There are 2 protein chains.
Amino acid sequence: MNSQIKAREVLAMHGISPSRPRVAILKYMQENFVHPTADVIFKHLRSTHPSLSLTTVYNTLKLFAEKGICVPLSINDKQVCYDINLHPHSHFFCTECGRVFDIPQDESAQLLQSTTLGGHRISEVHVYFKGICSSCLPHESN
Amino acid sequence: MNSQIKAREVLAMHGISPSRPRVAILKYMQENFVHPTADVIFKHLRSTHPSLSLTTVYNTLKLFAEKGICVPLSINDKQVCYDINLHPHSHFFCTECGRVFDIPQDESAQLLQSTTLGGHRISEVHVYFKGICSSCLPHESN
DNA sequence: ATTTGCATTGTAATCATAACAAATAATGCA
DNA sequence: TGCATTATTTGTTATGATTACAATGCAAAT
């Protein structure tokens with residue numbers, strides 16, 4: 001299939017050898033454009049890949065994140081979920097069902113003050129940056 | 001002291017009885033305008049409140065959050081930290097030292113595309129909303 | 001002083017994630 | 001083709017944050 005090839009291509013582009021579990025996990029993320037946790041992926045692939053272990057899923061997701069294939073999201077305090085959508089966009093986390101929805105960036109920019117967004121009722125807005133703070137940065141020239 | 005009074009006032013305003021641990025925890029948060037985890041608070045108050053238990057800190061922070069005195073932040077995947085600053089603002093998480101800095105909202109709005117912010121080097125931008133999604137919302141009239 | 005009910009405590013349980021060592025597969029080369 | 005070397009995967013065990021829960025303590029009201 002197409003996504004099978006695509007998954008292998010993506011792995012190759014990032015210098016990752018295309019082992020069975022890696023291809024399966026990436027393919028899953030490409031086909032199911034959700035924001036899965038390690039556990040969700042594990043449970044979905046269990047039937048078709050009986051030997052797959054949860055540890056492998058964790059390792060693989062961490063590897064993907066390091067290589068820039070996906071991004072870990074700490075939206076809720078329980079589990080980390082992963083996003084293969086690398087285009088700039090925001091997220092909406094439903095406190096009822098726990099699903100994470102993608103929100104186009106321009107939509108979210110103007111709606112930072114609004115209370116509804118695409119039919120969802122917003123109760124919290126979170127914006128945060130990650131990086132290296134001024135005191136941890138190597139000092140340039142003094 | 002002033003903040004002692006202020007802490008008790010805030011508790012009263014939110015219908016929370018001012019027990020020793022609650023006053024101490026709130027006072028700590030008001031005086032040290034950081035973004036502490038339960039553990040950080042516990043360790044700081046341990047010396048002056050020898051009988052304090054970690055469970056009480058967890059319970060109290062959860063209570064404060066429910067009553068709207070503070071906001072839990074899931075910025076990093078390890079521990080939840082709490083913010084008593086309720087004014088709209090963004091956060092900067094340093095991946096080196098783990099500290100969380102407040103970022104004025106207007107500053108962050110324009111700098112969503114920038115790579116530095118008040119001397120910090122930005123590598124990730126996260127925007128997310130929380131609320132109830134359209135399918136979990138009670139249907140209005142149909 | 002006694003009751004009543006909330007608050008705190010300490011311990012034990014849970015759950016996500018990481019560490020680690022053993023088993024397995026993949027790759028290159030004689 | 002068959003072995004040697006290295007990378008991956010697996011299963012189990014450990015860790016660390018958070019919660020559950022039962023027992024104790026405390027404070028206001030009678």
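Just so we're on the same page: letters track the sequence lines, and every chain starts at 1. Just so you know, these numbers use all the heavy atoms, side chains as well, and skip hydrogens, waters and symmetry mates. Given the structure is predicted, the values throughout are model-derived calculations rather than measurements.
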Next on the checklist: Can you measure B/N76 atom CG to C/dA16 atom P for me and round it to whole angstrom units?
Outcome noted: 17 Å
Checklist outcome for this item: For B/A7 and B/L26, the nearest pair of non-hydrogen atoms, with its separation, is O-CD2, 3.5 Å
Checklist outcome for this item: Here the side chain to side chain donor-acceptor pair (under 3.5 Å) pairs for residues 65-75 of chain B, sequence neighbours left out, are none
Checklist entry - In the single-linkage hydrophobic clustering (I, L, V, M, F, W, Y; side-chain heavy atoms under 4.5 Å), do A/L86 and A/M13 co-cluster? => result no
Checklist entry - What is the distance from NZ of B/K67 to P of C/dA7, rounded to the nearest Å? => result 10 Å
Distance-only criterion, 3.5 Å: show the donor-acceptor pairs between side-chain atoms of residues 42-56 of chain B and protein atoms not counting sequence neighbours.
{"residue": "B/K43", "atom": "NZ", "partner": "B/D39", "partner atom": "OD2", "Å": "2.7"}
{"residue": "B/T48", "atom": "OG1", "partner": "B/L45", "partner atom": "O", "Å": "3.3"}
{"residue": "B/S53", "atom": "OG", "partner": "B/T55", "partner atom": "N", "Å": "3.4"}
{"residue": "B/S53", "atom": "OG", "partner": "B/T56", "partner atom": "N", "Å": "3.2"}
{"residue": "B/S53", "atom": "OG", "partner": "B/T56", "partner atom": "OG1", "Å": "3.2"}

Item to check | Whole angstrom value for the distance that separates P of D/dA7 from CG of A/L11 | outcome: 17 Å
Item to check | B/S/- contact track for nucleotides 25-30 of chain D, protein heavy atom under 4.0 Å | outcome: ------
Next on the checklist: What is the distance, to the nearest angstrom, from the CD1 atom on A/I16 to the C1' atom on C/dA26?
Outcome noted: 17 Å
Next on the checklist: Would you say B/R22 places a side-chain N or O within less than 4.0 Å of OP1 or OP2 belonging to C/dT8?
Outcome noted: yes
Item to check | Residue pairs involving residues 12-24 of chain A (criterion side chain to side chain donor-acceptor pair (under 3.5 Å); sequence neighbours excluded) | outcome: A/S17-A/R22
Checklist entry - Rounded to the nearest Å, what distance is computed from the CD1 atom of residue A/I41 to the C1' atom of nucleotide D/dT9? => result 16 Å
Checklist entry - Could you give the CZ-to-C1' distance, from A/R8 to C/dA26, as a whole number of Å? => result 13 Å
Checklist entry - What is the distance from CZ of A/R20 to C1' of C/dT27, rounded to the nearest Å? => result 18 Å
Next on the checklist: For nucleotides 10-19 of chain D, give me one character per nucleotide, 5' to 3': B if any protein heavy atom sits under 4.0 Å from the base, S if the only such contacts are to the sugar-phosphate, - if neither.
Outcome noted: BBB----SBB
Next on the checklist: For A/N32, give me all partners under side chain to side chain contact (heavy atoms under 4.5 Å, CB included), at least two apart in sequence or on another chain.
Outcome noted: A/Y28, A/V34
Next on the checklist: With a 4.0 Å cutoff (strictly under), does any side-chain N or O of A/S17 reach OP1 or OP2 of D/dT8?
Outcome noted: yes
Item to check | Residues that A/Y58 engages under ring pair (Phe, Tyr, Trp, His ring centres under 6.0 Å), provided they are two or more places apart | outcome: none
Item to check | With A/D83 via side chain to side chain donor-acceptor pair (under 3.5 Å) - residues at least two apart | outcome: A/H89, A/H91
Item to check | Inter-residue atom distance A/L11.CG - A/I25.CD1, 0.5 Å rounding | outcome: 10.0 Å
